[in-house]
Participant: 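Below you will find the structure I want to go over with you.
Small disclaimer: the values here were computed from a predicted structure and weren't measured.
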Amino acid sequence: MKTIILIAAASALTTPALAQMKAPDPVRLKTTVEKLVSFGTRHTLSSATDPKRGIGAARKWGGQEFEKISKSCGGCLSVETISGPFTGPRAPQGVEVADVLAIQKGTGDPNQVVIIAGHIDSRVTDVMNITSDAPGANDNASGTALVMEAARVLAGEKFDGTIVYALLSGEEQGLWGAKLLADTAKKRGWQVRAMLNNDIVGNIVGQNGQIVADRVRVFSEGIRFAEDAKANLTRRAIGGEDDGPSRALAKKIDGIAEANPQIGLDVFAVRRLDRFGRGGDHSPFLELGFPAVRFSVGIENYDRQHQDLRTENGRVYGDTVEGMDFPYLAKVTALNVAALRELAEAPAAPASVSLDGALSMDTRVFWDSVPGAAAYRIYWRRADEQAWSNSRIVIGATEFVLKDVVVDDHFIGVSSVTRDGAESIVTFGGMAPRK
């Protein structure tokens, strides 16, 4: 995303070159979804060895497609499978859960990572039914196809950070594939800048017949799951409930959509972890403190989720390809791609931002330096607003005094910016340490 204010405010920063960017292909997305549906069922407990039917065949095919993409860009992707055993109420005898990854290594610090994921497994009405056809076209061949298409579009491009494209298993049994990947990220020392979870992202007709083709929901947590009691109390004291890293990520994606009107999507930034009383594969990343959000369609059709294939009283049930809209899926893919480009090229966000302005008309802002940052942008807004309304670029320093900005009445944060204008998410400002 171009940073217009930044360029106007700081002539030392250069305007980013306009790249010749490939666009997601609706036809190719449909072909990918149809192929995934052709495996009959992708239930996590279905056959892992049958060459034509079941979760194993689907995962193998996904890995092969990643290998083809890598070959087309001279080996730009490293393809691997990670796995581990899980047992629970939906798999009482245990199951080996496997995730297929394609890793596009960054040119800077390869441990600065952005993850895009979709779960490849599917189910019907009875979550324990591993034999019936479970096409899972929208839930979640749509997210799987999106991840694979993002890899095709971005293959061969160079980014400072690493992009991990992930096809997750075990979502319907308890978010197990996501837990496996989150634990792997922690063990490998990945500094996860963002996790983009795409789940049910390919339909426009709702349960009530309403059509929503120009909106995508992005869900994000407010109070951080990973914060301990002391940190939680501090966040409450500074008023940061709406500005944790995941909420900042959702706001960032909203800004990217606004800056790229050609995509044709409005981001409905839902201030909730997930849909009411439900969950998704971003949750295990939140539990480990990584910023993560969920993309989902603007309106859902529950007759086409977790349903046996049937028609009752003229009403069609089942998650089939016919219930999807592929130009819409291409738009959601394009938004994910734009977010990946920005987040993978941007520096890390400042680790901490502190404020000092008690009993003063001015506020001193100071923050940790970030490797690769050419500048920093200070944001502020009135404390009764949700969106940042003011900003200022700072070059060559890690502190600044905002004149006539009263800390009691304003929220303040800081992002990191590259010379080409790629910008991190915003780190919310907290209380300065007492001296």
Participant: Counting heavy atoms not belonging to Arg271, are there more than 12 under 6.0 Å from its CZ?
Facilitator: yes

Participant: Regarding Arg235 and Glu227, does a basic nitrogen lie under 4.0 Å from an acidic carboxylate oxygen?
Facilitator: yes

Participant: Answer yes or no: are there more than 12 heavy-atom neighbours, outside Phe225 itself, under 6.0 Å from its atom CZ?
Facilitator: no

Participant: Can you measure from CZ (Phe411) to CD (Glu385) and round to the nearest 0.5 angstrom?
Facilitator: 10.5 Å

Participant: Can you see whether Gln173 engages Thr44 through a side-chain donor-acceptor pair at a distance of less than 3.5 angstrom?
Facilitator: yes

Participant: Looking at Ile130 and Thr41, what are the two nearest heavy atoms and their distance?
Facilitator: O-CG2, 3.8 Å

Participant: Which heavy-atom pair separates Asp319 from Asp139 by the least distance, and what is that distance?
Facilitator: OD2-N, 2.8 Å

Participant: At what distance, to the nearest 0.5 angstrom, does CD1 of Ile253 lie from CD of Glu258?
Facilitator: 12.5 Å

Participant: Answer yes if the side chains of His119 and Asp199 hold a donor-acceptor pair under 3.5 Å, and no otherwise.
Facilitator: yes

Participant: Let me confirm one number: the CG-CG distance from Asn198 to Asn140, rounded to the nearest 0.5 Å.
Facilitator: 7.5 Å

Participant: Salt-bridged, Arg217 to Asp274, with N to O below 4.0 Å?
Facilitator: no

Participant: Quick check on the 6.0 Å ring-centre criterion: do Tyr376 and Trp367 meet it?
Facilitator: yes

Participant: Salt bridge check: are Arg310 and Asp308 linked by an N-O gap of less than 4.0 Å?
Facilitator: no

Participant: So does Ala349 get a backbone contact from the side chain of Ser416, meaning a donor-acceptor N/O pair under 3.5 Å?
Facilitator: no

Participant: Can Ser46 and Arg53 be counted as having a side-chain donor-acceptor contact under 3.5 angstrom?
Facilitator: no

Participant: Is Lys179 atom NZ crowded by more than 12 heavy atoms from other residues, nucleotides or ligands, each under 6.0 Å away?
Facilitator: no

Participant: Check the orientation of Trp176 and Phe86. Use parallel for under 30°, tilted for 30 to 60°, and perpendicular for over 60°.
Facilitator: parallel

Participant: As an exercise, state the distance from NZ of Lys60 to CD of Gln64, rounded to the nearest 0.5 Å.
Facilitator: 5.5 Å

Participant: If I take atom CD from residue Glu172 and atom CZ from residue Arg123, how far apart are they, to the nearest 0.5 angstrom?
Facilitator: 5.5 Å

Participant: If I compare all heavy atoms of Val297 with all of Tyr328, which pair ends up nearest, and what's the gap?
Facilitator: CA-OH, 3.5 Å

Participant: Which salt bridge (Lys or Arg N to Asp or Glu O under 4.0 Å) pairs, counting each pair once, include a residue from residues 103-121, with sequence neighbours left out?
Facilitator: none

Participant: Between Arg247 and Glu221, is there a salt bridge with N-O shorter than 4.0 Å?
Facilitator: no

Participant: Taking atom NZ as the centre, does Lys30 end up with more than 12 heavy-atom neighbours from other residues, nucleotides or ligands that are less than 6.0 angstrom away?
Facilitator: no

Participant: Does the pair Arg377/Glu423 count as a salt bridge with the N-to-O cut at 4.0 Å?
Facilitator: yes

Participant: For the pair Asp281 and Arg294, find out whether any cationic side-chain nitrogen is under 4.0 Å from an anionic carboxylate oxygen.
Facilitator: no

Participant: Check this for me: does any side-chain nitrogen of one of Arg315 and Glu312 sit under 4.0 Å from a carboxylate oxygen of the other?
Facilitator: no

Participant: On the six-membered ring of Phe219, is Arg272 placed so that its NZ or CZ lies under 6.0 angstrom from the centre and within 45° of the ring axis?
Facilitator: no

Participant: Is Glu149 paired with Lys22 through a side-chain N to carboxylate O contact shorter than 4.0 Å?
Facilitator: no

Participant: Determine the sole option in Arg59, Arg152, Lys35, Arg28 for which the salt bridge (Lys or Arg N to Asp or Glu O under 4.0 Å) test with Glu65 is passed.
Facilitator: Arg152

Participant: Can you find a side-chain donor-acceptor pair between Gln207 and Glu300 that sits under 3.5 Å?
Facilitator: no

Participant: To the nearest 0.5 angstrom, please state how far the CZ atom of Arg275 sits from the CD1 atom of Ile200.
Facilitator: 5.0 Å

